[in-house]
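Working notes, structure below.
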Protein chains: 2
Amino acid sequence: MSLSRAQVVDAAYAVLGEQGLAGTSMRRVATELGVQPGALYYHVPSKQDLLTEVAVRILAAGPVSGVDPRQAAHDLRAALLRVRDGAEVVSFVRAFRPEALEPLHALPGLFGGLPPGRAQWAARTLVHYVLGFVAEEQNRDELVRSTIVADEPMRATESEEAFRFGVDAIVEGLTVLGA
Amino acid sequence: MSLSRAQVVDAAYAVLGEQGLAGTSMRRVATELGVQPGALYYHVPSKQDLLTEVAVRILAAGPVSGVDPRQAAHDLRAALLRVRDGAEVVSFVRAFRPEALEPLHALPGLFGGLPPGRAQWAARTLVHYVLGFVAEEQNRDELVRSTIVADEPMRATESEEAFRFGVDAIVEGLTVLGA
DNA sequence: ACCTGAACACCGTTCAAGT
DNA sequence: ACCTGAACACCGTTCAAGT
């Protein structure tokens with residue numbers, strides 16, 4: 001039975017979870033599937049496109065429409081934290097194919113109180129914050145994992161608090177200034 | 001006359017400006033200096049350390065203490081925009097050696113109205129926003145440069161406006177909620 | 001249609017050996 | 001002390017050839 005595109009994405013997602021983004025090479029994905037590297041290119045045009053699908057999968061667990069912006073921010077963070085380097089992967093895809101990340105396009109709609117232009121800006125502001133914050137958290141995790149830096153207990157709960165503070169402040173400011 | 005560490009950093013900064021981060025390899029920096037790749041490792045322990053020095057140089061044009069947080073945000077953005085992929089480079093260095101970026105450590109001091117813990121969080125929030133926003137701007141520039149995507153005039157001034165809106169909203173929210 | 005084998009043009013880093 | 005030459009262990013991608 002031959003390989004499918006979905007299987008390639010699955011394998012890439014699995015390698016990401018095991019090795020992190022730095023360890024997620026096309027060659028390793030191929031090895032995971034028991035196939036030669038070149039075989040992947042029959043199913044996927046490039047590594048960037050493969051990562052795009054992985055990012056979409058990451059966001060599938062993510063923010064839904066119909067909630068308030070604060071909830072959406074927490075949901076987005078939770079989705080990113082589910083896999084190693086999740087924030088980095090989504091940031092990368094946002095850089096070169098932002099239109100592929102449909103879940104993020106619903107966010108402006110959550111700022112119902114603002115005029116459309118402002119709602120767009122507001123959503124971008126919030127997304128930048130969440131991606132930056134979680135990327136920092138996960139980069140820290142990677143450093144801890146490679147024992148370059150020592151783990152400190154209590155970081156998780158302090159992170160939680162700091163994140164909530166930022167979200168609250170940003171949403172507050174956006175709704176006040178956006179009107 | 002032999003190479004100096006400063007010359008290697010200069011060359012790396014120059015290559016970054018000409019080729020962007022993706023094109024900034026140790027081998028290209030070596031070529032720029034008319035030297036073999038291995039020679040660089042006599043002056044610099046790794047590519048990561050070299051990029052750390054480049055990031056410090058980028059931030060040297062950056063935010064000063066003694067201004068208000070909004071001014072600092074605009075100064076930081078201006079510094080990042082001076083070189084290609086400046087935000088990406090600083091983000092990368094922040095990931096693996098944040099203590100090296102001294103200029104960013106002064107930012108909590110600008111939130112004088114907040115208790116110290118909150119001022120820390122506030123600074124992080126603002127920095128995440130600025131780095132994320134500028135990284136998006138510069139990634140766009142890279143795509144335009146490679147003609148993957150068309151340039152749209154008016155983007156610069158709209159970017160300016162959007163950035164200011166985000167900064168104003170964040171600083172407003174932070175000072176209101178932080179007290 | 002789908003995959004292999006093998007190559008191309010790169011990487012960062014190390015290290016003996018030269019001067 | 002400083003650099004070269006050459007290698008090691010990787011990359012992403014392409015493509016003829018096989019089945």
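Note on naming: letters A, B, ... go to the chains in the order of the sequence lines (proteins, then strands), and numbering restarts at 1 for each one.
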Task: Member of B:Glu142, B:Glu18, B:Gln19 meeting the side chain to side chain donor-acceptor pair (under 3.5 Å) criterion with B:Arg84 - done: B:Glu142
Task: Within residues 27-45 of chain A: residues closer than 4.0 Å to DNA chain C (heavy atoms) - done: A:Arg27, A:Val35, A:Gln36, A:Gly38, A:Ala39, A:Tyr42, A:His43
Task: Rounded distance (Å) that lies between atom P of D:dA7 and atom CE of B:Met26 - done: 21 Å
Open item on the list: Please check: side-chain N/O of A:Gln36 versus main-chain N/O of A:Ala30, any donor-acceptor pairing under 3.5 Å?
Closed with: no
Open item on the list: How long is the straight-line distance from CG of B:Leu104 back to CZ of B:Arg124, given to the nearest 0.5 Å?
Closed with: 13.0 Å
Open item on the list: Can you check the distance between D:dC11 and C:dA7, where both ends of the measurement are the C1' atom (answer in whole Å)?
Closed with: 14 Å
TODO: Using atom types as modelled and distance alone, determine if a side-chain donor or acceptor of B:Arg27 lies under 3.5 Å from a backbone N or O of B:Pro37.
DONE: no
Open item on the list: Only Watson-Crick and G-U wobble pairs with both distances less than 3.5 Å should count. Give DNA chain C in dot-bracket notation, marking inter-strand partners with |.
Closed with: ||.|||||...|||||.||
Open item on the list: Taking the cut-offs as 6.0 angstrom to the six-membered ring centre and 45 degrees off its axis, would you call B:Arg77 and B:Phe133 a cation-pi pair?
Closed with: no
Open item on the list: Please determine whether a side-chain nitrogen or oxygen atom of B:Ser25 lies at a distance below 4.0 Å from atom OP1 or OP2 of C:dC11.
Closed with: yes
Open item on the list: Taking only the C1' atom of each, what is the distance from D:dC8 to C:dC10 in whole angstrom?
Closed with: 15 Å
TODO: Specify the separation, in whole Å, of atom NZ of A:Lys47 and atom P of D:dC11.
DONE: 9 Å
- [ ] Report yes or no: does B:Gln138 contribute a side-chain atom to a donor-acceptor pair with the main-chain N or O of B:Leu80 at less than 3.5 Å?
- [x] yes
TODO: Would you indicate whether the side-chain heavy atoms of A:Arg118 and B:Phe165 approach each other to under 4.5 Å?
DONE: yes
Open item on the list: One pair to check against side chain to side chain contact (heavy atoms under 4.5 Å, CB included): B:Leu126 and B:Leu107. What are the steps and the verdict?
Closed with: CA-CA 9 Å; B:Leu126 194 58; B:Leu107 292 181; 5.9 Å; no
TODO: Check the distance between C:dC11's P and B:Leu50's CG and give it to me in whole angstrom.
DONE: 15 Å
